[in-house]
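What follows is one structure encoded as structure tokens, with my remarks underneath.
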Amino acid sequence: MYRSHNCGELRMDHVGQTVTLSGWVQKSRDLGGLTFVDLRDRYGITQLVFNMDENQVLTEKARKLGREFVVRAEGQVRERSSKNANRATGNIEIDVKDLQILNASKTPPFTIEEDTDGGEDLRMKYRYLDLRRGPLQRNLMFRSKLAVETRKYLSDVGFIEVETPNLIKSTPEGARDFVVPSRMNPGEFYALPQSPQTFKQILMVGGFDKYFQIVKCFRDEDLRADRQPEFTQIDCEMSFVTRDQILDTFEGLTKYLFKQMLDTELPDFPKMSYDEAMERYGSDKPDTRFGMEFTDMTETVKGKGFGVFDSAEFIAGICAEGIAESYSNKDLKQLTEWLQRPQIGCKGLVYAKLNNDGTIKSTVGKFYSDDDLKLWAEKMGGKSGDILLLLCGEKEKTQKQLNELRLEMGRRLGLMDPKVFNPLWVVDFPLLEWDEESERFHAMHHPFTSPKTEDIDRMMTGDHETMKALRADAYDLVINGVEIGGGSVRIHDRDLQSKNFDLLGFTKEEAEAQFGFLLGAFEYGAPPHGGIAFGFDRLNAVMNGQNSIRDFIAFPKNTSGRDMMIDAPSPVDNEQLDELYLSLQEIEKSGA
RNA sequence: GGUAUUGUAACUCAACGGUAGAGUGCCCGACUGUCUCUCGGGUGGUUGCGAGUUCGAUCCUCGUCAAUACCGCCA
């Protein structure tokens, strides 16, 4: 027997019992005649004691243990003479009678502790060591429970979990596909699914009116801290439902998950239109934990001789509360430079400091009287002690930049409380997005998204400008400025679907070749349906107040899409290539 | 594809253009109540790689590779 108990469960109640523990050596403290060894498993740490007077051979053996040795120890639980209040098992220790080294270990390249000294790349290479650390263990246990609770909730309200294939068909819309060559079908390729989108819609046609799946999705696009090439979704679809029934169902799920996992009661989720989100926050995923909302100043500030404003399409600002005294000119200059980085690309920042003594200091004081500036303050809700920050330019671009500024100020002023969760539904997204480069429309959500009922007529007959303004029955769940998931009511009418493909620039033949199976299915009685998918990795991260999803994935990839542990991707043998009828082009290495 | 930052001992980081250093780890020794044990000694380097400038480069310049963050991209 390797263990009678784990390393986290022994307490004063167990004193006197003979127990067997197995685990890893966290650390040993050799005091000469007395040696302490901290034994660790995923449940906790228990102290082993060896005494030279009582058993010299065993103590000598214990003194030779290195970090991360795997050992089995048998002995008696006893009360400690000096207790450690910082540890759950800190009142007891094991007086070891027998010690077995199950496996020795090389010295690990970084410390296996709560806060490791290892850098990201080392931790990735030795992921199996990093996984032994408390934070990673807790994250993966959290993830496991979150999946279990999701299944519990959804199956309790009647959802059926159905698996869909991973070897499917490449489609031109959306992200780049990962592609898999088919040996049995020379010259042809499968694609890995970007999501089970078409399959879940076909399941609706198949009569599974409530479907869900916790499923891997694959997208061959550049990565970020919150984006992996393979990631997991809670994917759902429902038939015979309205938009609000879908939203209610998943609001219910979200509330349930927060209650079960964090014991947090979420309030009802507000619904905000895409347009409103853009006006108030300049973002389709606003962080509503703090205010600092936009004020449109276009009309207010024009006509006073300040050319930059007078010629601008759009001028808007935010009010940063209570920092007039603490923010020096140097700070503001530095903030301006931050805004001027190419990633953001502002030309400049206009500010007005509303000093506590009632004076106002502004970069554009030359053009605006104190009364003018007081009007600004009034419009923007500024009071003494605040700083008004204004940006101007082309409307969409300026909104985007002001959004960045708002978020940065939120960060700097500590307004993003990690303990607070502010969910909201962003609804009524645009149906189509005009792509200047290819000079055609793209589906903002995906090609099966239904326009809002009231927009259908305009869609069938409207001109180009009308098309840009069409609203879709599409929605996102946003929590603390993170897009947790999104979905839409789908088109179930073949004519409407054809029109949509038309607008997206598909010929009939292309549409048939790409999506014929779905269109065919729709001819046999497709029910009205809609659905949603949550980013499961992101949900884990957000619930734990973290930005990076990597520490919630057991084996993540780095920013170049490499698995540093197994060193993938890697070349394959010519034999393998031949079998697949593939030949490689020379890869040009520049320079060298 | 672009912008930026970083690359020095096993790890985390220092070092004005002038013989490369600390803490941690690791090894040896001492130590009977530690839990960041303590104390003494020791080990440890192709400064990512390649050019260039210079009497001399970890430092400056160019190239290159890699990691990370962001933009583009991605729902």
Side-chain angles (χ1 to χ4, degrees), chain A residues 26-38 45-54 59 63-64 66-67 78-87 89-90 93 106-126 129 173-177 194-195 197 217-229 231 233 235 284-285 338 340-345 400-401 404 408 426 429 433 435 437 442-446 449 474-478 482-488 532-535 538 547-548 550 558-560 562 564 589-592:
Chain A
Q26 173 76 19
K27 187 149 206 161
S28 64
R29 291 174 294 279
D30 177 8
L31 274 62
L34 202 57
T35 293
F36 300 98
V37 173
D38 287 340
I45 291 178
T46 298
Q47 175 166 289
L48 311 178
V49 197
F50 300 86
N51 192 319
M52 204 61 104
D53 289 344
E54 291 168 18
T59 308
R63 292 176 77 167
K64 293 204 187 79
R67 278 161 57 201
R78 72 176 183 212
E79 183 174 3
R80 289 201 201 181
S81 58
S82 53
K83 300 188 167 56
N84 183 349
N86 298 321
R87 202 164 270 171
T89 60
E93 62 192 2
K106 293 209 278 189
T107 303
F110 52 86
T111 56
I112 316 290
E113 286 161 12
E114 285 290 305
D115 287 311
T116 180
D117 63 0
E120 182 114 6
D121 42 348
L122 255 191
R123 291 171 46 214
M124 286 302 173
K125 184 169 176 194
Y126 298 93
L129 296 180
E173 279 288 307
R176 213 171 280 123
D177 284 316
Q194 299 172 24
S195 80
Q197 184 58 40
C217 303
F218 306 86
R219 289 174 190 161
D220 186 8
E221 296 293 345
D222 287 1
L223 308 178
R224 291 282 191 284
D226 65 344
R227 269 166 30 192
Q228 283 276 303
F231 61 100
Q233 284 190 341
D235 188 55
D284 60 1
K285 45 177 180 175
W338 183 85
Q340 286 169 335
R341 291 178 316 145
Q343 275 88 344
I344 300 188
K400 211 171 159 186
Q401 292 165 343
E404 294 296 336
E408 178 66 11
V426 177
F429 276 77
E433 215 172 7
D435 182 42
E437 248 175 67
H442 285 279
M444 187 139 178
H445 186 63
H446 59 58
T449 302
Y475 34 80
D476 278 357
L477 174 63
V478 176
V482 177
E483 180 200 328
I484 291 299
S488 63
I532 193 166
F534 283 4
R538 278 189 197 170
N547 174 45
S548 174
R550 281 186 209 147
N558 73 6
T559 41
S560 322
R562 296 200 72 84
M564 302 284 275
K589 287 270 180 187
S590 55

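To find a chain, count down the sequence lines: A is the first, B the second, and so on, and within it residues start at 1.
Rounded to whole Å, the C1' atom of B:A22 lies 27 Å from the corresponding atom of B:C31. Nucleotides B:U6 and B:C59 are separated by 15 Å at their C1' atoms, to the nearest Å. Atom C1' of B:U24 sits at a distance of 33 Å from the matching atom of B:C70, rounded to the whole Å. Comparing the P positions of B:C27 and B:A10 gives a spacing of 16 Å, expressed to the nearest Å. Rounded to a whole angstrom, the distance from the P atom of B:C73 to that of B:U47 is 42 Å. Annotation: B:U61 and B:U54 have their P atoms spaced 16 Å apart (nearest Å). Here, B:C49 and B:A57 have their C1' atoms 16 Å apart, quoted to the whole Å. Rounded to the nearest Å, the gap between the P atom of B:G41 and that of B:A9 is 25 Å.
Side-chain atoms of A:Arg123 and A:Met564, non-hydrogen and from C-beta on, never get closer than 4.5 Å to each other. Annotation: side chain of A:His445 is not in contact with side chain of A:Phe429 (no heavy-atom distance under 4.5 Å). Residues A:Pro108 and A:Tyr126 fail the side-chain proximity criterion, which asks for heavy atoms closer than 4.5 Å. Two residues are said to be in side-chain contact when any heavy atoms from C-beta on lie closer than 4.5 Å; A:Met124 and A:Asn558 fail this criterion. Side-chain contact between A:Glu483 and A:Asp284 is absent, with no heavy atoms from C-beta onward closer than 4.5 Å. Side-chain contact check for A:Arg29 versus A:Gln47: some heavy-atom pair is nearer than 4.5 Å.
For the residue pair A:Phe110 and A:Gly118, the shortest heavy atom distance occurs at CB-CA, 3.6 Å. In terms of heavy-atom proximity, A:Asp476 sits nearest to A:Gly487 at OD1-N, 4.5 Å. Here the closest heavy-atom approach between residue A:Arg63 and residue A:Gly32 is recorded as NH1-O, 3.5 Å. The two residues A:Arg176 and A:Glu221 come nearest to each other via the heavy atoms N-OE2, 2.8 Å. Across every non-hydrogen atom of A:Asn547 and A:Ala225, the tightest pair is ND2-CB, 4.1 Å.
Distance CD (A:Glu221) to C1' (B:G2): 16 Å, rounded to an integer number of Å. One can place CD of A:Gln26 at 14 Å from C1' of B:G25, the figure rounded to the nearest angstrom. One atom, CH2 of A:Trp338, and another, P of B:A69, lie 17 Å apart when rounded to the nearest Å. For A:Arg63 and B:C37, the CZ to P distance is 16 Å, given to the nearest whole Å. Protein atom CD of A:Gln194 is 9 Å distant from nucleotide atom C1' of B:C74, rounded to whole Å. Here the C1' atom of nucleotide B:C37 and the CD atom of A:Glu93 are 15 Å apart, to the nearest Å. A:Leu129 places its CG atom 18 Å from the P atom of B:G25, with the value rounded to the nearest Å. Following rounding to the nearest Å, A:Arg227 (CZ) and B:C74 (P) show an atom-to-atom distance of 9 Å.
Checking B:C31, B:C73, B:C70 against every side-chain atom of A:Arg176, the shortest atom distance belongs to B:C73. In this structure, of B:G72, B:U36, B:C35, it is B:C35 that holds the atom nearest to the side chain of A:Arg87. Of the candidates B:G1, B:C74, B:G25, the closest approach to any side-chain atom of A:Arg67 belongs to B:G25. When the nucleotides B:G33, B:U34, B:U3 are ranked by their closest atom to the side chain of A:Pro342, B:U3 comes out on top. Of the candidates B:C73, B:C71, B:A75, B:A75 carries the atom nearest the A:Asp476 side chain, counting heavy atoms from C-beta on. Looking at the side chain of A:Phe36, the nearest of the listed nucleotides B:A75, B:C26, B:U34 is B:U34. Considering only side-chain atoms of A:Gln343, the nucleotide from B:C71, B:U34, B:A67 that sits closest is B:C71. Nearest to the side-chain atoms of A:Ala175 among the listed nucleotides B:G1, B:A75, B:A69 stands B:A75. The side chain of A:Asn547 has B:C70 as its nearest neighbour among B:C31, B:U36, B:C70. Relative to the side chain of A:Arg224, the nucleotides B:G72, B:U34, B:A75 differ in distance, and B:G72 lies closest.
In terms of polar N and O atoms assigned as donor or acceptor, the side chain of A:Asn84 comes within less than 3.5 Å of the base of B:C35 in a complementary pairing. Donor-acceptor pairing under 3.5 Å, judged by distance alone, is absent between the side chain of A:Arg29 and the base of B:U38.
Within 4.0 Å (heavy atoms only), A:Met444 reaches at least one base atom of the nucleic acid. Using a 4.0 Å heavy-atom cutoff across all strands shown, A:Lys400 reaches sugar-phosphate atoms only and no base atom. Backbone-only contact: A:Ser560 has heavy atoms under 4.0 Å from sugar-phosphate atoms and none from a base. Across all strands, A:Asn558 comes closer than 4.0 Å only to sugar-phosphate atoms, never to a base (heavy-atom distances). Residue contacts for A:Thr107: at a heavy-atom cut-off of 4.0 Å it reaches the sugar-phosphate backbone alone, with no base atom in range. Among the protein residues, A:Gly485 comes within range of no part of the nucleic acid, since none of its heavy atoms lies under 4.0 Å from any strand. Within the nucleic acid shown, A:Ala533 has no heavy atom closer than 4.0 Å to any nucleic acid atom. Residue-level contact check: A:Asp284 touches the bases, meaning some heavy atom is under 4.0 Å from a base atom. Contact annotation for A:Asn51: base contact, defined as any heavy-atom pair under 4.0 Å involving a base atom. Here A:Arg219 lies in heavy-atom contact (under 4.0 Å) with sugar-phosphate atoms only.
Nucleotide B:C60 has B:G52 as its partner under the Watson-Crick or G-U criteria, with both atom distances under 3.5 Å. B:G17 makes up no base pair with any nucleotide shown, lacking Watson-Crick or G-U wobble contacts both under 3.5 Å. Using Watson-Crick or G-U wobble geometry with both donor-acceptor distances under 3.5 Å, B:G33 finds no partner in any strand shown. Across all strands shown, B:C11 is found opposite B:G23 as a Watson-Crick or G-U wobble partner, with both distances under 3.5 Å. Pairing partner, B:A67: B:U5, with both Watson-Crick or wobble hydrogen-bond distances short of 3.5 Å.
Residue order along RNA chain B, read from the 5' end via each residue's closest nucleotide, puts A:Met564 first among A:Gln233 and A:Met564. Two residues, A:Asp226 and A:His445, neighbour RNA chain B, and the one matched to the more 5' nucleotide by heavy-atom proximity is A:Asp226.
With rounding to the nearest 0.5 Å, the separation of NZ in A:Lys27 from CD1 in A:Ile112 is 12.0 Å.
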Give every pair of a protein N or O atom and an N or O atom of nucleotides 9-12 of chain B that lie under 3.5 Å apart, one pair per line with the distance.
from: B:C11; atom 1: O4'; to: A:Pro109; atom 2: O; distance (Å): 3.3
from: B:C11; atom 1: O2'; to: A:Asp117; atom 2: O; distance (Å): 2.9
from: B:C11; atom 1: O2'; to: A:Asp117; atom 2: OD1; distance (Å): 3.2
from: B:C11; atom 1: O2'; to: A:Asp117; atom 2: OD2; distance (Å): 3.2
from: B:U12; atom 1: OP1; to: A:Gly119; atom 2: N; distance (Å): 3.3

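The phosphate of B:A69 (OP1 or OP2) has a side-chain N or O of A:Arg550 nearer than 4.0 angstrom. The side chain of A:Lys27 contributes an N or O atom lying less than 4.0 Å from OP1 or OP2 of B:C37.
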